[in-house]
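Right, one structure below, let's go through it.
From a predicted model like this one, the values you see are computed outputs, not experimental measurements. All heavy atoms count here, side chains included; hydrogens, waters and symmetry mates do not.
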Amino acid sequence: MCFGCSERNPIGLKLKFTMDGDKCRTEFVAGEEHQGWNGYMHGGLIAALMDETMAWWLWFKDISIMTAEMTTRYSLGVPVNIKLTVESWCEEEKRDRLFFMAARIILPDGKVPVTAKAKFLRIDPEKL
Ligand SMILES: CCCCCCCCCCCC(=O)SCCNC(=O)CCNC(=O)[C@H](O)C(C)(C)COP(=O)(O)OP(=O)(O)OC[C@H]1O[C@@H](n2cnc3c(N)ncnc32)[C@H](O)[C@@H]1OP(=O)(O)O
């Protein structure tokens, strides 16, 4: 019951993903239950949105992974109650094992309040 994408997780984000060319995308509207400061989405949940979107880029390619490292740059607050677009892509791959991923959040006016970079390591799906 994944917190990011399961339809059955009662407190999950219930994200749905699409692949468009080399980008994986999802949309999300944060509510007041997702706030940190009043009116703005909690930073940890923003990171979860981006982590999940990068993981799904790899899932779409049948690659089983774990997040090994992630850096998030918060440049602007992310308001609640507006549609956020989250997109991810792969920047580099090493030895078919280590994947350098990137993600960003886009506001309806085109501003990019948050970007992330992460390293994902391939794992044995039997161990999931
Ligand atoms: C139906 C759809 C559902 C879809 C459901 C989608 C769910 C998605 C969930 C979102 C993703 C997550 O949040 S995942 C949850 C958060 N992440 C985790 O809990 C991960 C916890 N960490 C681990 O389990 C482990 O450390 C792993 C699996 C990441 C790696 O362990 P390992 O496989 O034993 O690998 P290890 O020997 O340590 O390292 C292998 C090689 O990689 C290198 N390496 C290790 N870490 C790094 C690193 N950060 N940066 C560079 N290189 C690294 C090592 O030096 C080594 O190099 P060399 O010696 O080979 O040269």
Side-chain angles (χ1 to χ4, degrees):
M1 249 209 285
C2 178
F3 174 73
C5 62
S6 170
E7 287 179 13
R8 291 181 293 118
N9 186 329
I11 63 155
L13 303 177
K14 300 182 176 65
L15 300 170
K16 300 222 177 309
F17 295 91
T18 55
M19 259 323 246
D20 178 13
D22 66 346
K23 295 237 169 50
C24 179
R25 286 204 183 87
T26 191
E27 292 179 348
F28 184 71
V29 178
E32 291 181 1
E33 68 275 27
H34 303 116
Q35 288 179 151
W37 292 108
N38 270 350
Y40 292 95
M41 195 175 174
H42 191 284
L45 286 177
I46 294 170
L49 270 181
M50 302 175 93
D51 181 26
E52 184 80 8
T53 308
M54 292 187 277
W56 263 85
W57 190 100
L58 293 154
W59 274 108
F60 270 120
K61 301 193 182 284
D62 276 334
I63 302 169
S64 301
I65 44 70
M66 282 276 205
T67 318
E69 192 176 317
M70 179 167 168
T71 307
T72 309
R73 182 164 186 156
Y74 300 93
S75 306
L76 293 169
V78 174
V80 297
N81 297 322
I82 60 167
K83 187 168 77 178
L84 307 173
T85 302
V86 191
E87 60 182 32
S88 68
W89 61 96
C90 182
E91 297 201 320
E92 194 185 344
E93 170 185 338
K94 283 192 180 156
R95 290 183 292 157
D96 200 31
R97 173 94 212 272
L98 176 61
F99 298 87
F100 293 79
M101 304 297 298
R104 62 181 180 175
I105 291 189
I106 306 168
L107 302 182
D109 64 5
K111 286 187 179 143
V112 175
V114 192
T115 56
K117 300 255 184 194
K119 295 177 194 170
F120 286 77
L121 273 167
R122 189 191 282 272
I123 55 161
D124 178 354
E126 301 292 313
K127 293 187 183 154
L128 277 177

Once you round to the nearest 0.5 Å, how far does OG1 of Thr67 lie from CE of Met54?
7.0 Å
Drop me the distance from Met101's CE to Lys119's NZ, to the nearest 0.5 angstrom.
14.0 Å
Indicate if Val114 and Leu45 have the same hydrophobic cluster label, given that clusters are the connected sets of ILVMFWY residues with side-chain heavy-atom separations under 4.5 angstrom.
yes
Side chain Trp56, main chain Met19, donor-acceptor under 3.5 Å:
no
Single-linkage hydrophobic cluster, 4.5 Å side-chain cutoff, Phe100 and Leu58 together
no
What is the distance from atom CG of Leu13 to atom CZ of Phe3, rounded to the nearest 0.5 Å?
4.0 Å
Where the side chain of Arg104 meets the backbone of Thr115, is there a donor-acceptor pair that is under 3.5 Å apart?
no
Answer whether the closest heavy-atom distance between the side chains of Asp51 and Phe120 falls below 4.5 Å.
yes
Mind checking whether Phe28 and Met41 have side chains closer than 4.5 Å, heavy atoms only?
yes
Do the charged groups of Glu87 and Arg25 touch, with an N to O distance under 4.0 Å?
yes
Is there a donor-acceptor contact under 3.5 Å from the side chain of Thr26 to the main chain of Lys16?
yes
Nearest heavy-atom approach of Gly44 to His42 is N-ND1, 2.9 Å
Find the distance between CE (Met50) and CE (Met70) and round it off to the nearest 0.5 Å.
6.0 Å
Is there a donor-acceptor pair under 3.5 Å between the side chain of Ser88 and the backbone N or O of Thr53?
yes
Are any of the side-chain heavy atoms of Leu121 and Met66 separated by less than 4.5 Å?
no
Using 0.5 Å steps for rounding, measure from the NZ atom of Lys23 to the CH2 atom of Trp89.
6.0 Å
Taking Leu76 as the starting point, is it possible to reach Leu49 by hopping between hydrophobic residues whose side chains are less than 4.5 Å apart?
no
Tell me the closest heavy-atom pair linking Gln35 and Asn38, and the distance in Å.
NE2-OD1, 3.6 Å
Could you give the distance from NZ (Lys111) to CG (Asp109), rounded to the nearest 0.5 Å?
5.0 Å
Ala47 to Thr72 - nearest heavy-atom pair and separation:
CB-OG1, 4.2 Å
Tyr40 reachable from Val80 in the ILVMFWY side-chain graph, under 4.5 Å edges:
no
Take a 6.0 Å sphere around CD of Glu33 and say whether it holds more than 12 heavy atoms from other residues, nucleotides or ligands.
yes
When hydrophobic residues are tied together by side-chain contacts of less than 4.5 Å, even through go-betweens, does Leu98 share a cluster with Trp57?
no
Smallest separation among heavy atoms of Gly77 and Pro113, with atom names
O-CB, 4.1 Å
Can you establish whether the number of heavy atoms outside Glu7 located under 6.0 Å from its atom CD is more than 12?
no
Is the closest side-chain heavy-atom distance between Phe17 and Glu52 below 4.5 Å?
yes
Closest heavy-atom pair, Ser6 versus Asn9, reported as atoms and distance to 0.1 Å, is OG-N, 3.4 Å
Side chains of Tyr74 and Ile105, heavy atoms from C-beta outward: is any pair under 4.5 Å?
no
Applying the side chain to side chain contact (heavy atoms under 4.5 Å, CB included) test to Ile106, which of Thr85, Leu84, Val86 qualifies?
Thr85
